[in-house]
Amino acid sequence: MARLRKLYIGDKLLNTPQPFEEELDSLVITNHNLLMENLSRIRREWLASSDGEDSAEILDYANECRRAANNFALVALVTRLHHWIAIFVGELTKTNHRDKGLIANLNTLEKQTGEGRIPISFFEGLTTVRDSVIHGDSQVEWFYKRNRRVADKYANTDSGEVEFTEEHLQEAIKNSVEQVKWYEAQLDVLGVFS
């Protein structure tokens, strides 16, 4: 799984981006940004063409679409993070860990590399929100194999629905990239990628 990390062009050293970071940029960030820009444009057009009576309905619908966009960006992020962490565990243990959950794989890595920069509990919170979106219709509380509840940080107690904001998404992306880079460096030190 060795990858090109430094590239020289002439005498100039270029650091190559981490592939996980590139994936997030193209699969999560760019798609989310384009969707949010289009939602803002459509909302402006609808409000400009409305007679004012249905502006509250337009704003409610636009806000619902924004929430859905944030939720689906989180689903994509956690899916890609799970994929990369499973690859790292597979490289470390020489077994296939793709069918194991993200948290189980993070725990496996932590046992071998030490505690990561971001506590696993942060990723447990993200996984629970992801599970709510997929299995619980974005409800704060739902049942899937057992009773589940998202962390208060991600809950709108008035509506009983997940409230995963753009700020939450930015934090999740930042922490995921930091964690993947940290694990990659630790596995490099252990000689896993040699």
Side-chain angles (χ1 to χ4, degrees), residues 1-3 5 15-32 70-136 138-155 162-194:
M1 166 129 163
R3 71 174 177 86
R5 292 169 198 237
N15 287 321
T16 60
Q18 206 287 335
F20 174 70
E21 199 168 10
E22 285 185 309
E23 279 187 14
L24 291 188
D25 186 50
S26 62
L27 298 175
V28 178
I29 298 167
T30 299
N31 283 328
H32 184 262
N70 291 334
N71 290 348
F72 289 124
L74 171 68
V75 170
L77 168 65
V78 172
T79 300
R80 296 317 307 152
L81 177 61
H82 180 206
H83 172 79
W84 275 87
I85 296 300
I87 288 172
F88 288 169
V89 172
E91 290 289 322
L92 180 66
T93 64
K94 304 300 183 214
T95 60
N96 185 342
H97 279 258
R98 292 174 196 243
D99 60 339
K100 305 286 186 211
L102 172 61
I103 304 310
N105 283 333
L106 285 169
N107 284 320
T108 299
L109 280 177
E110 191 171 275
K111 286 176 189 166
Q112 297 295 318
T113 63
E115 200 170 302
R117 296 215 178 173
I118 311 300
I120 291 176
S121 61
F122 176 80
F123 299 105
E124 286 175 323
L126 296 180
T127 301
T128 303
V129 174
R130 187 266 329 256
D131 291 349
S132 171
V133 171
I134 293 171
H135 302 294
S138 299
Q139 297 298 299
V140 170
E141 294 184 68
W142 77 102
F143 182 87
Y144 181 74
K145 299 183 181 178
R146 62 183 169 82
N147 288 326
R148 307 284 303 275
R149 179 175 173 74
V150 300
D152 290 343
K153 172 181 181 176
Y154 306 121
V162 165
E163 187 73 36
F164 191 79
T165 65
E166 288 184 66
E167 292 77 23
H168 292 139
L169 180 62
Q170 296 310 313
E171 177 187 31
I173 290 169
K174 178 186 156 297
N175 286 349
S176 296
V177 168
E178 186 174 329
Q179 195 81 337
V180 166
K181 285 181 173 182
W182 187 86
Y183 280 129
E184 183 179 53
Q186 298 309 307
L187 293 174
D188 237 359
V189 168
L190 293 172
V192 171
F193 300 130
S194 307

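Computation of the quantities below employed the complete heavy-atom set of this structure, encompassing side-chain atoms and omitting hydrogens, waters and symmetry-equivalent molecules.
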Nearest 0.5 angstrom please: [X] [atom1] to [Y] [atom2], how far?
X    : Y    : atom1 : atom2 : value
T30  : D25  : OG1   : CG    : 4.5 Å
H32  : L77  : NE2   : CG    : 11.0 Å
L102 : T79  : CG    : OG1   : 9.5 Å
E22  : I29  : CD    : CD1   : 11.5 Å
N70  : E167 : CG    : CD    : 8.5 Å
F20  : I85  : CZ    : CD1   : 7.5 Å

Closest approach of [X] and [Y], non-hydrogen atoms and distance?
X    : Y    : value
Q112 : L92  : CG-CD2, 3.2 Å
S176 : L81  : OG-CD2, 3.7 Å
I87  : R98  : CG1-NH2, 3.8 Å
Q18  : V180 : NE2-CG1, 3.9 Å

Only pairs under 3.5 Å count here: list side-chain donor-acceptor contacts from residues 142-149, not counting sequence neighbours, and write none if there are none.
residue: R148; atom: NH1; partner: D131; partner atom: OD2; Å: 3.4
residue: R148; atom: NH2; partner: D131; partner atom: OD2; Å: 3.0
residue: R149; atom: NH1; partner: E141; partner atom: OE2; Å: 3.2
residue: R149; atom: NH2; partner: D152; partner atom: OD1; Å: 3.2

Pairs of donor and acceptor atoms involving the side chains of residues 113-130, under 3.5 Å and at least two apart or interchain, shall be tabulated with distances.
residue: T113; atom: OG1; partner: L109; partner atom: O; Å: 2.8
residue: T127; atom: OG1; partner: F123; partner atom: O; Å: 2.8
residue: T128; atom: OG1; partner: E124; partner atom: O; Å: 2.9

Quick one, K181 with E21, criterion side-chain contact (heavy atoms from CB on, under 4.5 Å). Give me CA distance, side-chain angles, the key distance, then yes/no. CA-CA 9 Å; K181 285 181 173 182; E21 199 168 10; 2.9 Å; yes
Are the side chain of H82 and the backbone of I103 linked by a donor-acceptor contact shorter than 3.5 Å?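 Not at all, since once roles are kept as given, no pair shorter than 3.5 Å links the two residues.
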Between R80 and L27, does a side-chain contact (heavy atoms from CB on, under 4.5 Å) hold up when you go through it step by step? CA-CA 9 Å; R80 296 317 307 152; L27 298 175; 3.9 Å; yes
Does Y183 have any ring pair (Phe, Tyr, Trp, His ring centres under 6.0 Å) partners at least two apart in sequence or in another chain, and if so, which?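 For Y183 there are no ring pair (Phe, Tyr, Trp, His ring centres under 6.0 Å) partners, ignoring immediate neighbours.
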For H168 and T165: C-alpha separation, side-chain torsions, deciding distance, then whether side chain to side chain donor-acceptor pair (under 3.5 Å) applies. CA-CA 5 Å; H168 292 139; T165 65; 3.1 Å; yes
For K94, does the NZ atom have more than 12 heavy-atom neighbours from other residues, nucleotides or ligands under 6.0 Å away?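 Buried by this count: over 12 neighbours within 6.0 Å.
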Would you say the side chain of P19 lies within less than 4.5 Å of the side chain of W84, judging by non-hydrogen atoms?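 Yes, their side chains come closer than 4.5 Å.
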